[in-house]
Amino acid sequence: MTVQPKGSHFINGAYVEDTAGDAIPVVFAATGETLATLHAGTPAIIDQALTAAAAAQREWATWSPRERGRVLTRAAQIMRERNEDLSQLETLDTGKPIQETRVADATSGADALEYFGGLAGSLTGEHIPLGEDWVYTVREPLGVCVGIGAWNYPTQIACWKAAPALACGNAMVFKPSETTPLCALKVAEILIEAGLPKGVFNVVQGMGQTGAQLVTDPRVDKVSLTGSPATGKKVYAAAAAEMKHVTMELGGKSPMIVFDDADIENAVGGAILGNFYSSGQICSNGTRVFVHKSIKEKFLARLAERTSQAVIGDPREDETSIGPMVSEAQMNIVLGYLDKGKAEGARLICGGTRLDRDGFYIAPTVFADVTDDMTIAREEIFGPVMAVLDFDDEAEVIARANDTPYGLAAGVFTKDISRAHRVIGQLQAGSCFINSYNDAPVEAPFGGVKASGVGRENSKQAIEHYSQMKSVYVRMGDVEAPF
Ligand code: NAD
């Protein structure tokens, strides 16, 4: 099996290599075997990518928006046709089960390319009448955008950033996470095949240092980061120093509230999806599951029963529903939280250990009787670890749910529609769910409040974050100056 790309980087329409950069091994998380070795971008590579992007952007911005959109929709079509190959690569890059990658990665990347491709032709300014005079506004691109990705959804993240950026006439230099460097290269290849002019979308590999060099380069006008809140603060500060635009998609510790009238099967299903999909490595996960005291034991019993049916195994097998953690480092972080949960007195319902097999596997874990002050209720774990907390009444659970620095997502399970909307209305979160969890259609804005981020991805909202308005005052009469 070889997944070694023709070069580490993709710049100006072609693969490029510079072995002087630090080695980046691509490790298959299910076995620990090294599948490929790439190299981090050197200053020369970064310069090459930004020079190409700046030159290509000037030309790309002159295309009619509908023609730009046509390239994106063609790329979406190619991605769908190659879904099986792309899904297999995503599984090797991340360790996520093939049954997930077939439906959630290249497909959602294609959704974004298709959506913003379709939207491109409708991106306009407006006419503002002022009596005899008038103002017109022009929607202009920002210029060169830098995208920086996390490792959990490498194809999706590259497309969620590239699609709106390119639709608006920007160019992009995308730096994938060093843990999952392969998939974005395929996105770049497909965009070129679809007719994107070379240099409009480039991929540069590297660790945080490469990301920091990109963010601070004066040729860069905007930075969109998907990553941890700690990295977000650093990148936001660096961008602010040069007054650059930012989008920050960061982490969370989101609440999911299950009222006593909820459909238990659906609530358990939501909790499973919102904690164990992708081995729990999803930013919007509902990792604090507040369950009404009166149904707590029933909920836990059914949750344990359904979790025992998970098929933990090789992510390349069709039936596998839980794969490994993305890396040994991430597995060790999660093991640390399992120890803390046990030491601080949470009741272990299931899981709680590493699996005795090759690769970086952690059993899906449920802790009950978790209290608000426990570490596993306060910090983002980013692994298959669910904390179940009890509550008695609505006002109490809303206050506790909001008692976190984060605000990415929130969910409510209840059959009472008034309560559902009343509670959601008071929860401090950007992406909310009623009797569901973790849906992220491209048509809806996605992003966080508080420490979970700035700006929104997806939907028409993303256009606001990749373009700016020029307003032009037109005087029809004479200029009246005082002297
Ligand atoms: P991370 O913050 O460690 O890394 C994210 C990216 O930032 C990587 O590409 C990394 O190389 C780069 N980076 C690190 N330091 C940098 C610096 N100083 N300047 C520029 N770039 C730098 O995050 P991770 O471990 O890859 O991903 C997990 C985190 O991402 C979690 O907190 C998770 O919640 C969050 N996440 C958020 C979303 C979302 O859409 N809100 C989606 C996925 C993941």
Side-chain angles (χ1 to χ4, degrees), residues 22 24 38 40-41 46 93-94 96 104-105 108 112 146-161 173-181 183-184 203-217 220 223-241 244 246-254 274 277-287 325-327 329-334 379-383 404-409 429-431 438 440 442 444-458 462 465:
D22 290 341
I24 301 177
L38 279 68
I46 293 171
D93 215 6
T94 62
K96 291 187 293 182
D105 293 285
S108 78
V146 161
I148 300 178
W151 38 254
N152 56 348
Y153 280 77
T155 304
Q156 183 191 79
I157 293 172
C159 291
W160 280 18
K161 296 189 189 310
V173 175
F174 184 78
K175 189 201 84 62
S177 163
E178 58 273 36
T179 311
T180 53
C183 298
V203 177
V204 169
Q205 308 291 349
M207 297 44 156
Q209 197 191 2
T210 307
Q213 283 168 18
L214 285 167
V215 171
T216 48
D217 192 285
V220 172
V223 181
S224 175
L225 169 79
T226 297
S228 62
T231 303
K233 283 180 190 160
K234 282 189 226 164
V235 172
Y236 198 179
K244 293 176 183 180
V246 295
T247 298
M248 294 283 148
E249 291 293 349
L250 309 175
K253 193 71 199 175
S254 301
Y277 203 72
S278 302
S279 289
Q281 302 164 116
I282 298 183
C283 50
S284 49
N285 272 355
T287 47
M325 305 303 302
V326 74
S327 64
Q330 187 61 20
M331 178 187 69
N332 287 331
I333 290 171
V334 177
E379 296 181 12
E380 184 183 41
I381 299 175
F382 228 57
T404 164
Y406 303 112
L408 187 51
S431 297
N438 259 356
V442 68
F446 181 85
V449 303
K450 303 199 302 194
S452 289
V454 175
R456 292 291 177 269
E457 295 200 297
N458 289 343
H465 300 290

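Order of appearance sets the numbers: ligands from 1, and atoms from 1 within every ligand. Since the structure is predicted, the reported quantities are computational estimates derived from the model, not experimental observations.
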Check: Nearest protein heavy atom to atom 34 (O) of ligand 1, by residue and atom, and its distance?
Finding: E380 OE2, 2.5 Å
Check: Considering only heavy atoms, does L225 approach ligand 1 within less than 4.0 Å through its side chain, its backbone, both, or neither?
Finding: side chain
Check: Heavy-atom contacts under 4.0 Å between L408 and ligand 1: side chain, backbone, both, or neither?
Finding: side chain
Item checked: Ring center gap for Y153 and W160 short of 6.0 angstrom -> no
Margin query: If I apply the N/O under 3.5 Å rule, does S228 come out as touching ligand 1?
Written below: yes
Next item on the list: Please work out whether any backbone atom (N, CA, C, O) or any side-chain heavy atom from C-beta onward of I148 is under 4.0 Å from ligand 1, and answer side chain, backbone, both or neither.
Entry: side chain
Checklist line | Sub-4.0 Å atoms of ligand 1 with respect to non-hydrogen atoms of E249 | finding: 37 (C), 38 (C), 39 (C), 40 (O), 41 (N)
Checklist line | Part of F446 with heavy atoms under 4.0 Å of ligand 1, whether side chain, backbone, both or neither | finding: side chain
Notebook entry, point to check: Between E457 and ligand 1, which residue portion shows a heavy-atom distance shorter than 4.0 Å: side chain, backbone, both, or neither?
Noted result: neither
Check: When you look for heavy atoms under 4.0 Å from ligand 1, do you find them on the side chain of Q330, its backbone, both, or neither?
Finding: neither
Notebook entry, point to check: More than 12 non-hydrogen atoms from neighbouring residues, nucleotides or ligands closer than 6.0 Å to OH on Y236, yes or no?
Noted result: no
Margin query: To check your reading of the model: name the closest protein heavy atom to atom 10 (C) of ligand 1, its residue, and the distance in Å.
Written below: E178 OE1, 3.6 Å
Margin query: As an exercise, identify every atom of ligand 1 less than 4.0 angstrom from a heavy atom of A212.
Written below: 19 (N), 20 (C)
Next item on the list: Would you mind telling me if ligand 1 is within reach of the side chain of L214, the backbone, both or neither, using heavy atoms under 4.0 Å?
Entry: neither
Check: Considering distance alone, does some N or O of L250 sit under 3.5 Å from an N or O of ligand 1?
Finding: yes
Next item on the list: Could you tell me whether K253 and E379 have a side-chain N and a carboxylate O separated by less than 4.0 Å?
Entry: no
Check: Who's the nearest protein heavy-atom neighbour of atom 26 (O) of ligand 1, and how far?
Finding: W151 CD1, 3.1 Å
Notebook entry, point to check: Which heavy atom in I381 sits nearest to a heavy atom in Q330, and how many Å separate them?
Noted result: O-NE2, 3.5 Å
Note to self: Please list the nearest protein heavy atom to atom 30 (O) of ligand 1 with its residue and the distance rounded to 0.1 Å.
What the structure shows: G227 C, 3.0 Å
Next item on the list: Considering only non-hydrogen protein atoms, determine which one is nearest to atom 8 (C) of ligand 1 and report residue, atom name and distance to 0.1 Å.
Entry: G149 O, 3.2 Å
Check: Is the shortest N/O to N/O distance between K234 and ligand 1 below 3.5 Å?
Finding: no
Check: For the residue pair P176 and A184, what are the closest heavy atoms and their distance?
Finding: CG-CB, 3.9 Å
Item checked: N or O contact, K175 vs ligand 1, cut-off under 3.5 Å -> yes
